[in-house]
Amino acid sequence: MAKYIFVTGGVVSSLGKGIISSSIGKLLQARGYKITIQKFDPYINIDPGTLNPYEHGECYVTVDGMETDLDLGHYERFTGIQTTRANSMTTGRIYKSVIDKERRGDYLGKTIQVVPHITDEIKNNIKCLGETGEYDFVITEIGGTIGDIESAPFLEAIRQLKWELGRDSISVHLTYVPYLKAADELKTKPTQHSVKEMLSYGIQPDILILRTEKHLDDNMRMKVAGFCNVDLECVIQSEDLPSIYEVPVNMQRQGLDSAILRKMGIPVGETPKLGPWLNFLELRNTATEIVRIGLVGKYDLQDAYKSISESLSHAATYHHHKVKITFINSEHLTDGSAEEKQLAEQQLKEQDGLVICPGFGQRGIEGKILATEYARTHNIPCFGICLGMQMMVIEFARNVLGYKDANSSEMDASTPHNVIDMMEDQKNISNMGGTMRLGAYDCELQPGSRLAEIYGSVMVRERHRHRYEFNNRYLEEYEEKGMQCVGRNPEAKLVEIVEIPTLRWFIGTQFHPEYQSTVLRPHPLFMSFIKAAIDK
Ligand code: GLN
């Protein structure tokens, strides 16, 4: 039978619950257990697909085409598991499912209430992963901060599950221990209050993880243990570390995994070695040389291109380099003030490689096209991802094929040269949510091409999230002038990869390879791109 670990956070948001959940998963895997991790987000959106990246950062996409919170990216990168729609849930989806059942008449005339109907739906969605028989542990992360009105039904569901499951479930609660500079003191009061809040929902946390910028001594931990009814060995601290990938090692050093097992009555045994993981960290910590990559995008926000930055960093590490990522604001390239423009242009020139980022809508695209032109005409390694690939195609049409008005019909519905056009099966869709071409599709690579060599295969599967595609009417012209279609979907014949093979490295993918790069399995395309940038 699967065992359940519930991860919640208190005091403030952004404590890194996703990283802790991933680390717990990683450490249990190292002990030979099969794990999965799921995330419940308390917002009403059905999924984060319709959210602006400024709200919650990047939207991650699972193989089966669910648009999810970016924490699922951490889960996959840390543990190598493949998540699906069962790993991502929101309040909106819970309510929708309950309301659909009510409309069907499934509740036989009952009054539908938060307790028990919503809480039962939450419990079922937690247990459905455990009941597959595939996992020894299901780790459930609850988004948001306890005390928020939205979290209440989730906490009630956890309370009930803890009662039903007994020792087969535990609560791991993250809090924040602030450092007051004027008093030169770390303060545990917010943690005590947060645990009180948990208790008011009927949940006694079994394990506390204290996020802190300064080391907590044993007295401090003892105080927390005493005030919060938690064993001393179950008070773990999570100090700021140079990299998120150090967190599992730090957690293991403090015995988080053994504390979890002990609490659940499972024999602890020897502490496993984290061989390949430590090797990755060693490479990371010893790399001295730097490869400079510019991310050309419109969202000036660290989390908006999370999976891309992580993929770049995995690849650079395995090439014994540190990656220095510079965000280049594409809007500034064309519409910025004189200083903004100058800075962006300067940044463009300083890079060893450029990534033209994914995105939606008109804003910032002319700058992306300009950056693409710069990369093409200066032979800078350039990687276009999704909208980035589409920008490569448009730039080529405008400046090589001579269609000055070429565009995507997403940006200019009336352009006579719609080299990027809406996919046929998208044309009658009116709902924006969850209706793009989403999830993993096959891509057949041209035998003998550089792409086939990079992947070491001619058939690959990559994840998608788009509505528009390369317009095959123009394919011959492109190939004649030097931009090749080197990967396409075998059924729909959609162009999935374009390349200018005469350049150093100039590849655009309609899919998002960044969703599949993990710490122990860096993505071949990122590996190859970084190599080209280093060699330049
Ligand atoms: N806006 C483009 C499309 O829908 C690209 C999407 C993306 O970059 N993910 O096709």
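All ligand and atom numbering here is 1-based and tracks the order in the structure.
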### Message
Considering only residues two or more places apart or on different chains, which pairs with a residue in residues 435-458 satisfy ring pair (Phe, Tyr, Trp, His ring centres under 6.0 Å)?
### Response
Tyr441-His464, Tyr455-His523
#### Entry: With Asn124 via side-chain contact (heavy atoms from CB on, under 4.5 Å) - residues at least two apart
none
#### Entry: Short N-O contact, Lys101 and Glu121, less than 4.0 angstrom
yes
Quiz: residues 293-306 side-chain donor-acceptor pairs under 3.5 angstrom, not counting sequence neighbours:
{"from": "Lys298", "atom 1": "NZ", "to": "Phe360", "atom 2": "O", "distance (Å)": "2.5"}
{"from": "Tyr305", "atom 1": "OH", "to": "Lys298", "atom 2": "N", "distance (Å)": "3.0"}
{"from": "Tyr305", "atom 1": "OH", "to": "Tyr299", "atom 2": "N", "distance (Å)": "3.1"}

### Query
Are the ring centres of Phe6 and Phe154 closer than 6.0 Å?
no
#### Entry: Among Arg437, Arg463, Arg488, the one residue meeting salt bridge (Lys or Arg N to Asp or Glu O under 4.0 Å) with Glu496
Arg437
Show me a pair-per-line table, with atom names and distances to 0.1 Å, of protein N or O atoms that are under 3.5 Å from an N or O of ligand 1.
{"from": "ligand 1", "atom 1": "1 (N)", "to": "Gly359", "atom 2": "O", "distance (Å)": "3.0"}
{"from": "ligand 1", "atom 1": "1 (N)", "to": "Glu410", "atom 2": "OE1", "distance (Å)": "2.7"}
{"from": "ligand 1", "atom 1": "1 (N)", "to": "Glu410", "atom 2": "OE2", "distance (Å)": "3.1"}
{"from": "ligand 1", "atom 1": "4 (O)", "to": "Arg467", "atom 2": "N", "distance (Å)": "3.0"}
{"from": "ligand 1", "atom 1": "8 (O)", "to": "Gly359", "atom 2": "N", "distance (Å)": "2.9"}
{"from": "ligand 1", "atom 1": "8 (O)", "to": "Gly359", "atom 2": "O", "distance (Å)": "3.3"}
{"from": "ligand 1", "atom 1": "8 (O)", "to": "Leu387", "atom 2": "N", "distance (Å)": "3.0"}
{"from": "ligand 1", "atom 1": "9 (N)", "to": "Arg465", "atom 2": "O", "distance (Å)": "2.9"}
{"from": "ligand 1", "atom 1": "9 (N)", "to": "His512", "atom 2": "NE2", "distance (Å)": "3.2"}
{"from": "ligand 1", "atom 1": "10 (O)", "to": "Gln390", "atom 2": "NE2", "distance (Å)": "3.1"}
{"from": "ligand 1", "atom 1": "10 (O)", "to": "Arg467", "atom 2": "N", "distance (Å)": "3.2"}
{"from": "ligand 1", "atom 1": "10 (O)", "to": "Tyr468", "atom 2": "N", "distance (Å)": "2.9"}

